[in-house]
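Right, one structure below, let's go through it.
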Amino acid sequence: MSSLSKENSIVADMSLAPEGHLKIDWVRQHMPVLNRIREQFEAEQPFKGLKVSITLHLEAKTAYLAKVVQAGGAEVTITGSNPLSTQDDVCAALVEDGITVFAKYNPSPEEFKALNIKALESKPDLIIDDGGDFATLLHSERPDLMENIRGGAEETTTGIIRLKALQKQGILKFPMVAVNDAYCKYLFDNRYGTGQSAWDGIVRTTNLIVAGKTVVVVGYGWCGKGVAMRAKGLGANVIVTEVDAIKAVEAHMDGFHVMPMLEAAKRGDFFVTVTGNRYVIRGEHYDVMKDGAIMCNAGHFDVEVNKPELSDRSVSQRTVRKNIEEYQLKDGRKLYLLAEGRLVNLGAADGHPAEIMDTTFALQALSLKYVNDNYKSIGVKVENVPYDLDEQVARFKLESLGISIDSLTPAQVEYLDSWNLNG
């Protein structure tokens, strides 16, 4: 254990470390792509002498990413990106492994923000961000902490939107790689990861059957596609609500009912929001919902379900099971909100499967190396993950699965090149 990391860290209970080590070891065994990158990093030491600050959902898979970055020579500091997804045993284990941790499960909003700021006070050279939380703090409140930053990598759709807004305003101060927009992120993590993990959280928390129920999926981006697909697989009748006409047509052709939210609100048994936008379930929807309807969110922030309006319409509120809040309305109906409207897959479960996060965190690790190697030439902007890195992760994944694919013949390459020249 690094005495420095232990002295500087803020965690709930160091005695929990043995269980945390077991969790990290379990996911390590199911993350072959990240293991391969760790071997490269140990040999090449791409981050030697650098400080890296990370904010992500602080559970075992994220912990292993932090250890991979550390293996590349970095001095790593980490904090949680969501109060309910932090696992205290994992935090303790990381401290024992020499990583500085500022995170606890379910801190107050004020403490949560303070822990995030503590993770930036090392004045890092590189960051890994989630939802643009670090970038927003640095640009709006603590610009004094960004003087060493070469760049970083962003995990989420929400974060990329926030970063592009900073870029458009001309105030972004360092390059950020848009990991969320890489094929190996949104095709697999957003779709298959969110699809499975959101339902893990719902089913584990409620212990109710999904088959035969009506599920309303609010938003049909890649996360919404995954949630709807898995709901269908569990036997639900699925309704999709959208504001984008193209996505609505896609949902229709995928076999789902498509209708306005106000109409869907009358029919749903389960509601899952995946839009990244504010108050997509709100007062007029509560007014027509069935008694016993269950709501949850799988978007980054806890703003998709309008909690103030839900409270205003209620005469009583109580916790009926862990992560299930009951709101009794004035007319006697009861509505239920899971995990305080925060990310249900992490607030009420363990997040995406390890095999999914293997490819996502491989992208994070390689993107961090890419921005460190190229930050001067990239310039101050939001940068896409280079296709060769994206494809490299996919090839590593195929190799780990024992799957081979074809390659173009020289004649096929020549044929395609001729089209490119003529085009």
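In this structure, D97 and Q70 approach most closely via the heavy-atom pair O-NE2, 3.0 Å. Minimum heavy-atom separation, V215 to A236: CG2-CB, 3.6 Å. When every heavy atom of T206 is checked against every heavy atom of I202, the shortest pair comes out as OG1-O, 2.8 Å. Here the shortest heavy-atom pairing between L34 and A365 reads CD1-CB, 4.4 Å. Annotation for T194 and C223: closest pair OG1-SG, 3.6 Å, computed over non-hydrogen atoms. The two residues L16 and A92 have their closest heavy-atom pair at C-CB, 4.3 Å.
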In a table with atom names and distances, give each donor-acceptor pair under 3.5 Å that connects a side chain of residues 378-386 to protein atoms at least two apart or in another chain.
unit_1, atom_1, unit_2, atom_2, d
K381, NZ, E383, OE1, 3.4
E383, OE2, Y370, OH, 2.9

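A 4.5 Å side-chain heavy-atom check between E250 and K225 finds at least one atom pair inside the cut-off. Residues N35 and Y64 are in side-chain contact: their nearest non-hydrogen atoms beyond the backbone lie under 4.5 Å apart. Residues L208 and I294 meet the side-chain proximity criterion, which asks for heavy atoms closer than 4.5 Å. Counting heavy atoms from C-beta on, the side chains of K369 and F41 come closer than 4.5 Å. Looking at D88 and D13, their side chains never come closer than 4.5 Å, going by heavy atoms from C-beta outward. Side-chain contact check for Y286 versus I281: some heavy-atom pair is nearer than 4.5 Å. Taking 4.5 Å as the limit, every side-chain heavy atom of F188 sits out of range of all side-chain heavy atoms of K397. Side-chain contact between L56 and F361 is present, with at least one heavy-atom pair separated by less than 4.5 Å.
Aromatic rings from H139 and F174 are positioned such that their centres are separated by under 6.0 Å.
Atom CG of L65 is separated from atom CE of M31 by 7.5 Å, given to the nearest 0.5 angstrom. N180 CG to E155 CD: the interatomic distance, rounded to the nearest 0.5 Å, is 7.0 Å. Within the model, atoms CG of L137 and CE of M146 stand 10.0 Å from one another, a figure rounded to the nearest 0.5 Å. Annotation: the span from E304 atom CD to Y279 atom OH amounts to 12.0 Å, rounded to 0.5 Å. Summarising the geometry, atom CD1 belonging to I149 is positioned 8.5 Å from atom CG belonging to L126; distances are rounded to the nearest 0.5 Å. One distance of note links CE of M229 with CG of L234; it measures 11.0 Å at 0.5 Å rounding.
Looking at N82 and D130, their side chains never bring a donor and an acceptor atom within 3.5 Å of each other. For the residue pair D89 and Y105, no side-chain donor N or O sits within less than 3.5 Å of a side-chain acceptor on the partner. Between the side chains of H300 and T158, no donor-acceptor pair is found at a separation under 3.5 Å. For the 3.5 Å distance criterion, the side chains of H352 and S197 qualify, holding a donor opposite an acceptor. Under the 3.5 Å distance criterion, with hydrogens and angles disregarded, no donor-acceptor pair is assigned to the side chains of T77 and E75. Q392 and D388 share no donor-acceptor pair across their side chains, judged by distance under 3.5 Å alone. Side chain to side chain, Q364 and S367 fail the donor-acceptor criterion of an N or O pair below 3.5 Å.
Applying the ring pair (Phe, Tyr, Trp, His ring centres under 6.0 Å) test to residues at least two apart or on different chains, none of the pairs has a partner in residues 378-414.
Proximity of a side-chain donor or acceptor of N345 to a complementary backbone N or O of G201 within less than 3.5 Å is not detected. Under the 3.5 Å distance criterion, the side-chain polar atoms of E44 are left unmatched by any main-chain donor or acceptor of P46. Put simply, the side chain of E242 never gets that close to the backbone of A248: no donor and acceptor are under 3.5 Å apart. The closest donor-acceptor contact from the side chain of S53 to the backbone of A119 lies under 3.5 Å. In terms of modelled atom types and a separation under 3.5 Å, the side chain of S81 and the main chain of H57 share a donor-acceptor contact. The closest donor-acceptor contact from the side chain of N297 to the backbone of G341 lies under 3.5 Å. Between the D390 side chain and the A182 main chain, no donor and acceptor come within less than 3.5 Å of each other. Although no hydrogens or angles enter the test, the distance criterion places no donor-acceptor pair under 3.5 Å between the side chain of T86 and the main chain of L58. Side chain of Q167 to main chain of L163: no donor-acceptor pair is present (N/O by atom type, distance under 3.5 Å, no hydrogens or angles). Here the side chain of E325 pairs no donor or acceptor atom with the backbone of Q317 at under 3.5 angstrom.
A cation-pi arrangement, defined by a distance under 6.0 Å to the six-membered ring centre and an angle within 45 degrees of its axis, is present between K232 and F256.
Contact check on R395 versus E391 returns a salt bridge, with a Lys/Arg side-chain nitrogen under 4.0 Å from an Asp/Glu carboxylate oxygen. A salt bridge is absent between K23 and E59; no separation between the charged side-chain nitrogens and carboxylate oxygens falls under 4.0 Å. We find that K113 and E141 are joined by a salt bridge, their nearest charged nitrogen and carboxylate oxygen being less than 4.0 Å apart.
Shown are T100, V95, V101; of these, the side-chain contact (heavy atoms from CB on, under 4.5 Å) with N8 is made only by T100.
Within a 6.0 Å sphere centred on CD of E414, heavy atoms belonging to other residues, nucleotides or ligands number 12 at most. When the shell of 6.0 Å around NE2 of H30 is examined, it contains more than 12 heavy atoms from other residues, nucleotides or ligands. Around the CD1 atom of I246, the shell of radius 6.0 Å holds no more than 12 heavy atoms that belong to other residues, nucleotides or ligands. Atom OH of Y183 is surrounded by 12 or fewer heavy atoms from other residues, nucleotides or ligands within 6.0 Å. The 12-atom threshold is not exceeded at NZ of K164, counting heavy atoms of other residues, nucleotides or ligands nearer than 6.0 Å.
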Test log, rule salt bridge (charged side-chain N to carboxylate O under 4.0 Å, His left out), inputs D200 and R230: CA-CA 10 Å; D200 284 347; R230 288 292 171 255; over 6 Å; no
Trace of the salt bridge (charged side-chain N to carboxylate O under 4.0 Å, His left out) decision for E121 with R142: CA-CA 9 Å; E121 287 180 344; R142 296 300 304 270; 3.7 Å; yes
Worked verdict on M295 versus L310 for side chain to side chain contact (heavy atoms under 4.5 Å, CB included): CA-CA 11 Å; M295 296 170 285; L310 185 56; 4.0 Å; yes
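Legend: residues meeting salt bridge (charged side-chain N to carboxylate O under 4.0 Å, His left out) with E284, ordered by chain and number and at least two apart, are R282. For R162, the side-chain hydrogen bond (donor to acceptor under 3.5 Å, both in side chains) partners at least two apart in sequence or on another chain are D133, T136. Taking E42 as the reference, R38 meet the salt bridge (charged side-chain N to carboxylate O under 4.0 Å, His left out) condition, with sequence neighbours excluded. Taking R321 as the reference, nothing meets the salt bridge (charged side-chain N to carboxylate O under 4.0 Å, His left out) condition, with sequence neighbours excluded.
Below 30°, between 30° and 60°, or above 60°: for Y415 and W419 the angle between ring planes is above 60°, a perpendicular geometry.
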